[in-house]
Amino acid sequence: MQTVNGLLMLRTALAQLRGGGGSPRSRIALVPTMGALHEGHLTLVRRARAAADHVVASIFVNPKQFGPNEDLDAYPRQLAADAALLEAEGVALLWAPTVEAMYPAGFASNISVAGVSDGLCGAARPGHFDGVATVVCKLFNQVQPDVAFFGEKDFQQLAVIRTMARDLDLTAPHVDAIIGVPTVREPDGLAMSSRNRYLTPEQRAAAAALPRAMKTAIAAIEGGAQVTATLAGLEAALIAAGFASVDYAVLADSTSLAPLGALGPTPARLLVAARIGGTRLIDNMAVTPRQS
Ligand code: AMP
């Protein structure tokens, strides 16, 4: 596996990977990450390997998607350990740009995807999805993958990226080649996240209440319970389990992410963000629509 951190090196390495001349071009899959890799990330890599000739992984802790009081400085960075994990998974190229390579002096552009970015995490983290859309658009242009893999763990992020790719007529990758991968969970159900390592042992044990309470709420809603009351019960269960606060607990349309007051006949999603100690955890799960 080759690791590159500047654009010229990236272009040379990609040209080598793609091949060309008389033979058909190799297919390239991209897996963007912020590093501190866990089984969730590695699952994306495995899916990517099965879908393409070569996998390019990126590791970039993107300053533009962190708010002024967020954890940019504290975010775990472990490039050597991550590189070893990616190499063991058969990744061909690691793109680990410096901040200067990604945002050279004078960088002035911003991609903002209205609507789908506005609620949920977008409301709690102003500017976050502009930062995500801008960096992912740049990663797509830099690598020009045939296919790209993202986790459903960040469900709103996936919706923002798909909307951006559709609206901007991106072709590398095309919107249909942006693949969402189901959330990988710990044995007790907690969604794997690089931020789980911020949790003390007590907080880590309490955090399992999040997926548990979500499953309980989903069973109730699917069984016909009133949505607002069920979500209030979910929030109360999290506070009782030791969470400090709940940013949101929302039933939403799976595609538009518009909040739903009642379960309808179209696919829905339960999305929650809650804080335990100083750590903000997010999770989401599918809710089976009402039979029409
Ligand atoms: P991050 O490094 O947190 O920016 O995540 C990089 C990619 O891995 C994103 O597409 C995430 O949605 C995905 N990801 C993170 N955690 C998980 C997980 N537990 N299961 C599946 N995908 C994940």
Side-chain angles (χ1 to χ4, degrees), residues 1-62 78-104 107 109 111 132-152 154 157-158 160-182 184:
M1 186 184 76
Q2 200 184 344
T3 300
V4 293
N5 46 35
L7 268 176
L8 281 177
M9 285 188 288
L10 175 69
R11 284 193 194 117
T12 308
L14 283 169
Q16 272 164 7
L17 275 187
R18 284 216 170 83
S23 51
R25 263 170 97 258
S26 299
R27 271 174 65 81
I28 289 190
L30 174 66
V31 179
T33 81
M34 297 204 301
L37 302 180
H38 50 65
E39 271 299 306
H41 300 111
L42 300 181
T43 300
L44 302 191
V45 169
R46 288 173 204 137
R47 287 284 306 275
R49 275 202 72 190
D53 300 303
H54 303 294
V55 176
V56 178
S58 65
I59 295 182
F60 182 61
V61 183
N62 175 30
Q78 46 170 60
L79 191 62
D82 287 345
L85 289 170
L86 294 171
E87 180 149 39
E89 293 294 340
V91 168
L93 179 61
L94 170 56
W95 170 221
T98 59
V99 174
E100 294 70 32
M102 191 60 89
Y103 301 120
F107 184 88
S109 301
I111 295 186
V132 169
T134 302
V135 82
V136 171
C137 189
K138 283 176 67 73
L139 288 167
F140 284 175
N141 286 334
Q142 290 161 350
V143 177
Q144 304 200 358
D146 299 277
V147 59
F149 288 81
F150 295 88
E152 287 184 349
D154 299 281
Q157 167 173 285
L158 182 55
V160 168
I161 291 166
R162 284 189 166 132
T163 305
M164 170 191 72
R166 188 200 62 200
D167 289 356
L168 302 184
D169 305 310
L170 298 191
T171 55
H174 184 269
V175 61
D176 296 334
I178 294 172
I179 311 296
V181 176
V184 179

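As the structure is a computational prediction, the values presented were derived from the model and not from experiment.
Within the structure, no pair that satisfies the salt bridge (charged side-chain N to carboxylate O under 4.0 Å, His left out) test touches residues 91-103, not counting sequence neighbours. Sequence neighbours left out, not one pair with a member in residues 5-17 passes salt bridge (charged side-chain N to carboxylate O under 4.0 Å, His left out). Contacts classified as side-chain hydrogen bond (donor to acceptor under 3.5 Å, both in side chains) and involving residues 161-172 (residues at least two apart or in different chains) are not found. Identified under the salt bridge (charged side-chain N to carboxylate O under 4.0 Å, His left out) test for residues 133-143, with sequence neighbours left out: none. Note on residues 51-62: pairs passing side-chain hydrogen bond (donor to acceptor under 3.5 Å, both in side chains), not counting sequence neighbours, are N62-Q65, N62-Y103.
Under the 4.5 Å side-chain criterion, counting only non-hydrogen atoms from C-beta, R27 is in contact with V147. Counting heavy atoms from C-beta on, the side chains of F140 and I161 come closer than 4.5 Å. Between F60 and L139, every side-chain heavy-atom pair lies at or beyond the 4.5 Å cut-off. In this structure, Q144 and L14 have side chains that are not in contact, with every pair of non-hydrogen atoms separated by 4.5 Å or more.
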Next on the checklist: Does Q2 form a side-chain contact (heavy atoms from CB on, under 4.5 Å) with L17? I'd like the steps, not just the answer.
Outcome noted: CA-CA 11 Å; Q2 200 184 344; L17 275 187; over 6 Å; no
Next on the checklist: Show, in sequence, the C-alpha distance, side-chain angles and deciding distance for H41 and V31, and conclude whether the side-chain contact (heavy atoms from CB on, under 4.5 Å) test is met.
Outcome noted: CA-CA 8 Å; H41 300 111; V31 179; 5.9 Å; no
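For M102 against P97, the heavy-atom pair with the smallest separation is CE-CG, 3.8 Å. Residues R49 and G90 share a closest heavy-atom pair of NH1-CA, 4.0 Å.
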Listed pairs under 3.5 Å, donor-acceptor, residues 173-180 side chains, sequence neighbours left out:
unit_1, atom_1, unit_2, atom_2, d
H174, ND1, D176, N, 3.0

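R46 is linked by a side-chain contact (heavy atoms from CB on, under 4.5 Å) to E39, L42, T43, E89, counting only residues two or more places apart in sequence or in another chain. Taking M9 as the reference, V4, N5 meet the side-chain contact (heavy atoms from CB on, under 4.5 Å) condition, with sequence neighbours excluded. For T134, the side-chain hydrogen bond (donor to acceptor under 3.5 Å, both in side chains) partners at least two apart in sequence or on another chain are N110.
Among T3, V55, L37, L93, the single residue meeting the side chain to side chain contact (heavy atoms under 4.5 Å, CB included) criterion with L86 is L37. Only one option out of L8, T12, L7 pairs with L10 in a side chain to side chain contact (heavy atoms under 4.5 Å, CB included); it is L7.
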